[in-house]
Amino acid sequence: MTETLGFIGLGIMGRPMALNLRRAGHPLVVHARRPESMRPLADAGATTCASPAEVARQADIVFTMVSDTPDVEAVILGERGVIEGVRPGSVVVDMSTISAAATRHLAECLRAQDVEMLDAPVSGGEVGAVEGTLSIMVGGALEAFRRVLPLFECMGKNIVHIGANGAGQVCKSCNQVVVGTTIAGVAEAMLLAEASGVDAARVRDALLGGFANSRVLDVHGHRMLQGDFQPGFKARLHQKDMRIVAEAARELGLCLPSSAMISQYLDALVSQGDGELDSAAIYQVLKGLSAHGDGQASS
Ligand code: NAP
């Protein structure tokens, strides 16, 4: 039996992900705060709804892809939220990047209505969302994961069931620690090369063939060399992710100094009014902290 799908949140990531579900032939009902965000989906044959509750009333599986923890809470538990319309036996799949602790609470609230929840945050950016090649990190019951897996396969390539509710979000936090610290490492390497009077592009070429190779060196390193910080992934969203890491570290009594440092770089970027730039712009913050910010040593 073909299940009806719901999708709530149609921004940079949600819109192409929902389109990929629709293109795979699934009946789709959608909701976004701004009606214009729903137009491309309506053009592709999706039914538009005035509220998350209305989506949930019609859908067997409801996906959410909004910004931050309070947004997912509002969409699921708020007035005219998913919880008001959702039917027993449905699955709610949150693909936003939010707090693992809040995710566990949401899962409990939904389970009280006989509804399973999966947390399924993603990595791979807008390109991965458009091309359907996202990495998807899933937390929640294995049975629900198996039911949703064919739908994840419409949106992603590397799909891993990590563990119970919240485990997908923990995995995403780990992802952001590695990505953030690697961006800072690549930025430092590029600055060192430039300040030494060496061609940083050639340094990057050489590093791409050795142990220092990474997707961040490739993609973000290129952005730094070009001075092109169009997102990509907005610094303010990366700041939000590092805040989630810091909150988890505090709760767990963990010392994660590298993550704290990345938070500070992102805080600096956002407070300078550059929150809409790609987080590779950490390079600019580091450059500003160095002698004159132009690679010239002071006398
Ligand atoms: P985005 O373009 O800002 O889209 C977020 C969407 O959520 C917007 O359409 C927004 O509606 C909607 N929204 C936010 N709060 C809402 C609320 N309370 N009620 C209803 N709708 C709400 O962001 P994005 O880049 O798609 O990111 C979405 C999530 O994916 C975030 O958690 C982000 O961290 C994560 N993510 C992003 C990337 C990336 O490369 N962009 C990669 C991996 C993961 P309005 O348009 O009306 O504001």
Side-chain angles (χ1 to χ4, degrees), residues 6-20 30-41 48-56 62-84 92-100 102-103 106 119-138 152 155-158 168-169 171-180 183 215-216 219-220 223 229-245 266 270 275-281:
F7 210 107
I8 299 163
L10 302 168
I12 289 179
M13 298 295 285
R15 191 180 316 132
M17 290 163 71
L19 276 170
N20 281 335
V30 299
H31 168 73
R33 276 196 297 213
R34 289 175 299 123
E36 63 265 31
S37 303
M38 295 193 275
R39 206 162 297 135
L41 273 301
T48 60
C49 294
S51 70
E54 204 180 305
V55 169
V62 180
F63 295 88
T64 55
M65 190 56 163
V66 294
S67 308
D68 200 349
T69 306
D71 302 309
V72 178
E73 289 170 339
V75 162
I76 294 181
L77 302 181
E79 201 179 325
R80 302 175 75 207
V82 167
I83 203 139
E84 289 184 16
V92 172
V93 186
D94 176 39
M95 304 192 76
S96 329
T97 303
I98 67 163
S99 143
T103 293
L106 287 165
D119 44 304
V122 303
S123 180
E126 185 183 10
V127 174
V130 170
E131 294 178 350
T133 56
L134 292 167
S135 182
I136 307 179
M137 319 157 203
V138 189
F152 287 143
M155 298 183 276
K157 286 274 177 272
N158 183 36
Q169 294 294 354
C171 183
K172 175 70 186 186
S173 281
C174 297
N175 184 80
Q176 296 308 75
V177 169
V178 173
V179 170
I183 290 174
R215 186 122 177 83
V216 168
V219 175
H220 297 75
R223 286 177 189 155
F229 300 113
Q230 289 307 306
F233 184 50
K234 293 169 189 166
R236 69 173 168 79
L237 288 178
H238 204 156
Q239 179 195 40
K240 175 258 304 179
D241 294 353
M242 298 315 291
R243 191 197 70 231
I244 291 169
V245 170
L266 291 163
V270 173
E276 299 299 311
L277 294 185
D278 189 85
S279 60

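One-based numbering along the sequence shown. Both counts, for ligands and for their atoms, begin at 1 and track the order of listing.
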In the protein, what heavy atom is nearest to [atom], and what distance, to one decimal place, separates them?
atom                    : answer
atom 40 (O) of ligand 1 : G125 CA, 3.4 Å
atom 43 (C) of ligand 1 : V122 O, 3.4 Å
atom 48 (O) of ligand 1 : R33 NH2, 2.8 Å
atom 26 (O) of ligand 1 : M13 N, 2.9 Å
atom 4 (O) of ligand 1  : G11 CA, 3.4 Å
atom 30 (O) of ligand 1 : M65 CE, 3.1 Å
atom 29 (C) of ligand 1 : V66 O, 3.1 Å
atom 1 (P) of ligand 1  : I12 N, 4.0 Å

> Between K240 and D71, is the closest basic N to carboxylate O distance under 4.0 Å?
Replying inline: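 K240 and D71: not salt-bridged.
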Under 4.0 Å, counting heavy atoms only: does [X] come that close to any atom of ligand 1?
X    : result
K172 : yes
S67  : yes
G232 : yes

Using a 3.5 Å cut-off on N or O atoms only, is [X] in polar contact with ligand 1?
X    : value
K240 : yes
R34  : yes
L237 : no
D68  : no
A74  : no
T97  : yes

Going from [atom1] on [X] to [atom2] on [Y], what distance comes out if it is rounded to the nearest 0.5 angstrom?
X    : Y    : atom1 : atom2 : answer
E73  : T103 : CD    : OG1   : 9.0 Å
T69  : L106 : OG1   : CG    : 9.0 Å
S123 : I136 : OG    : CD1   : 10.5 Å
E54  : I8   : CD    : CD1   : 10.5 Å

> Which of the numbered atoms in ligand 1 are below 4.0 angstrom from a heavy atom of V75?
Replying inline: 19 (N), 20 (C)
> Are there more than 12 heavy atoms of other residues, nucleotides or ligands under 6.0 Å from atom CD of E79?
Replying inline: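 Atom CD in E79 is not crowded, with 12 or fewer foreign heavy atoms closer than 6.0 Å.
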>> Please determine whether the number of non-hydrogen atoms from other residues, nucleotides or ligands lying under 6.0 Å from atom CZ of R243 exceeds 12.
In response: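 Yes, because the 6.0 Å sphere around CZ of R243 holds more than 12 heavy atoms from other groups.
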> Would you call the rings of F152 and F63 parallel, tilted or perpendicular, where under 30° means parallel and over 60° means perpendicular?
Replying inline: perpendicular
>> Quick check: do K172 and I244 have side-chain heavy atoms less than 4.5 Å from each other?
In response: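 A side-chain contact under 4.5 Å is absent here.
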> Counting heavy atoms only, which part of I8 comes closer than 4.0 Å to ligand 1: side chain, backbone, both or neither?
Replying inline: neither
> Looking only at heavy atoms, what is the nearest atom pair of R80 and P52, with distance?
Replying inline: O-CD, 3.3 Å
>> Please give me the minimum heavy-atom distance between G9 and V66, naming the atom from each residue.
In response: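 What the structure gives for the nearest pair is CA-CG1, 3.9 Å.
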>> Assess the residue pair M17 and L134 against the criterion (side chain to side chain contact (heavy atoms under 4.5 Å, CB included)); give the C-alpha distance rounded to whole Å, side-chain angles, the decisive distance to 0.1 Å, and a yes or no.
In response: CA-CA 9 Å; M17 290 163 71; L134 292 167; 3.9 Å; yes
